[in-house]
Protein chains: 2
Amino acid sequence: MATVHGADLGENVNKDCGSGSRGRWLVLKPTQQGVLHALFQLNPYPGIATRGRLARELDIPESRIQVWFQNQCMRQLRQS
Amino acid sequence: MATVHGADLGENVNKDCGSGSRGRWLVLKPTQQGVLHALFQLNPYPGIATRGRLARELDIPESRIQVWFQNQCMRQLRQS
DNA sequence: TTTTAATTTAATGTG
DNA sequence: CACATTAAATTAAT
């Protein structure tokens with residue numbers, strides 16, 4: 001077995017996100033993705049206030065909200 | 001990277017699937033995945049007739065139908 | 001924006 | 001057809 005991706009990241013694959021039922025590393029649940037996607041269509045560039053509220057509502061750190069919106073912008077652009 | 005299976009996968013990354021607007025290699029569309037998943041729940045082991053009909057309905061080769069069902073079986077088992 | 005790393009999925013090969 | 005494994009793609013995060 002060739003460990004192609006054998007990166008020694010140790011235990012950095014967080015075990016629980018808070019609401020995460022499956023602790024893979026960091027995966028948003030379909031429900032959370034749905035909310036994020038819906039809000040993205042309304043406003044691709046939410047302010048800190050909106051992000052904070054959303055973070056509390058989805059029970060995930062604001063950092064991830066911000067990252068998700070950034071990645072979503074890139075994804076939308078690369079679709080074309 | 002040891003190419004253990006000296007298979008000629010070099011240029012086998014099809015450029016256009018026909019129904020796919022983005023011909024990367026071969027990705028089933030959510031619609032097709034939905035149909036396959038639904039049928040899998042009804043019958044995980046469809047015969048050649050059912051596979052053929054499904055292949056024509058989804059407009060994809062029967063081979064891929066068969067492979068998908070095999071992989072789906074594995075996935076269901078590995079869930080636990 | 002680019003890259004890295006983890007996960008998933010389509011496909012191949014073997015028993 | 002079950003099973004292991006590879007290659008390509010997706011996605012979260014730096």
Side-chain angles (χ1 to χ4, degrees), chain A residues 1-37 39-40 44-45 51 54-55 58-80, chain B residues 1-37 39-40 43-51 54-55 58-80:
Chain A
M1 174 199 284
T3 53
V4 186
H5 301 90
D8 190 43
L9 291 179
E11 270 56 58
N12 198 10
V13 284
N14 97 352
K15 294 132 193 164
D16 194 298
C17 199
S19 55
S21 39
R22 308 149 75 192
R24 294 163 185 169
W25 55 305
L26 273 179
V27 199
L28 296 175
K29 287 177 292 191
T31 311
Q32 297 171 320
Q33 288 187 26
V35 175
L36 288 170
H37 204 85
L39 200 64
F40 181 84
Y45 300 101
R51 291 200 307 265
L54 187 57
L58 297 181
D59 194 39
I60 56 182
E62 302 163 35
S63 325
R64 303 216 169 92
I65 304 282
Q66 190 173 1
V67 168
W68 190 92
F69 271 84
Q70 283 182 127
N71 285 326
Q72 189 63 16
C73 280
M74 301 236 303
R75 189 181 177 194
Q76 286 268 302
L77 291 177
R78 292 196 92 152
Q79 288 279 336
S80 42
Chain B
M1 177 203 286
T3 52
V4 188
H5 305 78
D8 191 38
L9 294 177
E11 273 55 60
N12 198 10
V13 284
N14 94 353
K15 292 137 195 163
D16 195 300
C17 198
S19 53
S21 42
R22 306 150 67 201
R24 290 176 178 168
W25 58 310
L26 271 180
V27 196
L28 295 176
K29 287 177 290 191
T31 311
Q32 297 172 320
Q33 287 185 26
V35 175
L36 288 169
H37 203 87
L39 200 65
F40 181 85
N43 178 22
Y45 300 100
I48 180 62
T50 306
R51 290 200 307 264
L54 187 57
L58 297 181
D59 193 40
I60 55 182
E62 304 164 31
S63 324
R64 297 195 216 284
I65 304 281
Q66 188 173 6
V67 167
W68 190 91
F69 271 84
Q70 284 181 125
N71 284 326
Q72 189 62 18
C73 281
M74 289 286 112
R75 190 181 175 194
Q76 286 266 303
L77 291 176
R78 286 199 90 161
Q79 288 280 339
S80 39

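Here is how names work: the chains are called A, B, and so on, in the same order as the sequence lines, proteins then strands, and each is numbered from 1. All values derive from a computational prediction rather than experimental measurement.
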Colleague: Can you check whether B:Trp68 has a side-chain N or O nearer than 4.0 Å to OP1 or OP2 of C:dT9?
Modeller: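 No, B:Trp68 has no side-chain N/O under 4.0 Å of OP1/OP2 on C:dT9.
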Colleague: Of the options C:dA11, D:dA2, D:dA12, whose atoms approach the side-chain atoms of B:Arg64 most closely?
Modeller: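 Of the options given, the side chain of B:Arg64 lies nearest C:dA11.
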Colleague: Rounded to whole angstroms, how far apart are CD on B:Gln72 and C1' on D:dC3?
Modeller: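 That distance rounds to 16 Å.
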Colleague: Please state how far atom CG in B:Leu58 lies from atom P in C:dA10, giving the value in whole angstrom units.
Modeller: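 After rounding, the reported distance stands at 12 Å.
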Colleague: When the nearest nucleotide of DNA chain D is assigned to B:Arg78 and to B:Arg51 on a heavy-atom basis, which residue is associated with the more 5' position?
Modeller: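 Final value for this comparison: B:Arg51.
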Colleague: For the side chain of A:Asn71, counting heavy atoms from C-beta on, which of D:dC3, D:dA2, D:dA13 is nearest?
Modeller: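 Among D:dC3, D:dA2, D:dA13, the one nearest the side chain of A:Asn71 is D:dA13.
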Colleague: Please report the C-alpha distance between B:Arg64 and B:Leu26 in whole Å, then the side-chain angles of each, then the deciding distance to 0.1 Å, and finally whether the side chain to side chain contact (heavy atoms under 4.5 Å, CB included) criterion is met.
Modeller: CA-CA 10 Å; B:Arg64 297 195 216 284; B:Leu26 271 180; 2.5 Å; yes
Colleague: Rounded to the nearest 0.5 Å, how far does OG1 of B:Thr31 lie from CG of B:Leu36?
Modeller: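 OG1 of B:Thr31 is found 11.0 Å from CG of B:Leu36.
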Colleague: Distance check: side-chain N/O of B:Arg75 vs OP1/OP2 of C:dT8, anything under 4.0 Å?
Modeller: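 For C:dT8, OP1/OP2 do not have a side-chain N/O of B:Arg75 under 4.0 Å.
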Colleague: What's the shortest heavy-atom distance between A:Pro61 and A:Ala55, and which atoms?
Modeller: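 Scanning both residues completely, I find the closest heavy atoms to be C-CB, 4.2 Å.
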Colleague: Where the side chain of B:Leu26 is defined as all heavy atoms beyond and including C-beta, which of D:dC1, C:dA11, D:dT11 is the nearest nucleotide?
Modeller: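 Nucleotide nearest to B:Leu26's side chain: C:dA11.
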Colleague: Over all heavy atoms of both residues, which pair between A:Cys73 and A:Pro44 is shortest? Give the atoms and the distance, please.
Modeller: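 The pair with the smallest heavy-atom distance is SG-O, 4.3 Å.
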Colleague: Contact between B:Leu58 and B:Leu28 at the side-chain level, heavy atoms closer than 4.5 Å - yes or no?
Modeller: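 No. Closest side-chain heavy atoms not under 4.5 Å.
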Colleague: Any base atoms under 4.0 Å from B:Gln33, or only sugar-phosphate, or nothing? Heavy atoms, all strands.
Modeller: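 It contacts sugar-phosphate atoms only.
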Colleague: To the nearest Å, give me how far apart CD1 (B:Ile60) and C1' (C:dT9) are.
Modeller: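 Rounded to the whole Å, the gap is 14 Å.
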Colleague: So, does A:Glu62 use its side chain to make a donor-acceptor pair with the main chain of A:Arg51 at under 3.5 Å?
Modeller: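 A pair under 3.5 Å: no.
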Colleague: B:Gln76 CD to C:dT9 P: how many Å, rounded?
Modeller: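 Distance check: B:Gln76 CD to C:dT9 P gives 12 Å.
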Colleague: Can you tell me the distance, in whole Å, between the CD1 atom of A:Ile65 and the P atom of D:dA12?
Modeller: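 My rounded result for the distance is 11 Å.
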Colleague: So if I take every side-chain heavy atom of B:Gln70 and compare against D:dA13, C:dA11, D:dA2, which nucleotide ends up nearest?
Modeller: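 Per side-chain heavy atoms of B:Gln70, the pick is D:dA2.
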Colleague: With a 4.0 Å cut-off on heavy atoms, is A:Gln66 in touch with a base, just the backbone sugar-phosphate, or nothing at all?
Modeller: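 A:Gln66: no heavy atom of the nucleic acid under 4.0 Å.
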Colleague: Can you tell me which stems involve DNA chain C, if a stem is defined as three or more consecutive Watson-Crick or G-U wobble pairs, both distances under 3.5 Å?
Modeller: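 In DNA chain C, stems of three or more pairs: C:3-15 with D:1-13.
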Colleague: For B:Leu77 and D:dA2, give me the distance from atom CG to atom P, rounded to whole Å.
Modeller: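 About 8 Å, once rounded to whole Å.
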Colleague: Taking the minimum atom-to-atom distance to the side chain of A:Val67, which one of D:dA2, D:dT14, C:dT12 wins?
Modeller: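 Looking only at side-chain atoms, A:Val67 lies closest to D:dT14.
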Colleague: Starting the side chain at C-beta, find the nucleotide from D:dC3, D:dA12, C:dT1 nearest to B:Met74.
Modeller: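 Comparing D:dC3, D:dA12, C:dT1 against the side chain of B:Met74, the answer is D:dC3.
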Colleague: Rounded to the nearest angstrom, tell me the gap between atom CZ in B:Phe69 and atom C1' in D:dC3.
Modeller: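 Going from B:Phe69 (CZ) to D:dC3 (C1'), I get 19 Å.
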Colleague: Can you say whether the rings of B:Phe40 and B:Phe69 are parallel (under 30°), tilted (30 to 60°) or perpendicular (over 60°)?
Modeller: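 Because their plane-to-plane angle lies in the 30° to 60° range, the rings of B:Phe40 and B:Phe69 count as tilted.
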Colleague: Output, in order, the C-alpha distance, side-chain angles, deciding distance and verdict of side chain to side chain contact (heavy atoms under 4.5 Å, CB included) for B:Gln32 and B:Ile60.
Modeller: CA-CA 9 Å; B:Gln32 297 172 320; B:Ile60 55 182; 3.6 Å; yes
Colleague: Over how many whole Å does the gap from B:His37 atom NE2 to C:dT9 atom C1' extend?
Modeller: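 It is 14 Å, rounded to the nearest whole Å.
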Colleague: Name the closest nucleotide to the B:Leu28 side chain, picking from D:dA12, C:dA10, C:dT2.
Modeller: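 Of the candidates, C:dA10 comes closest.
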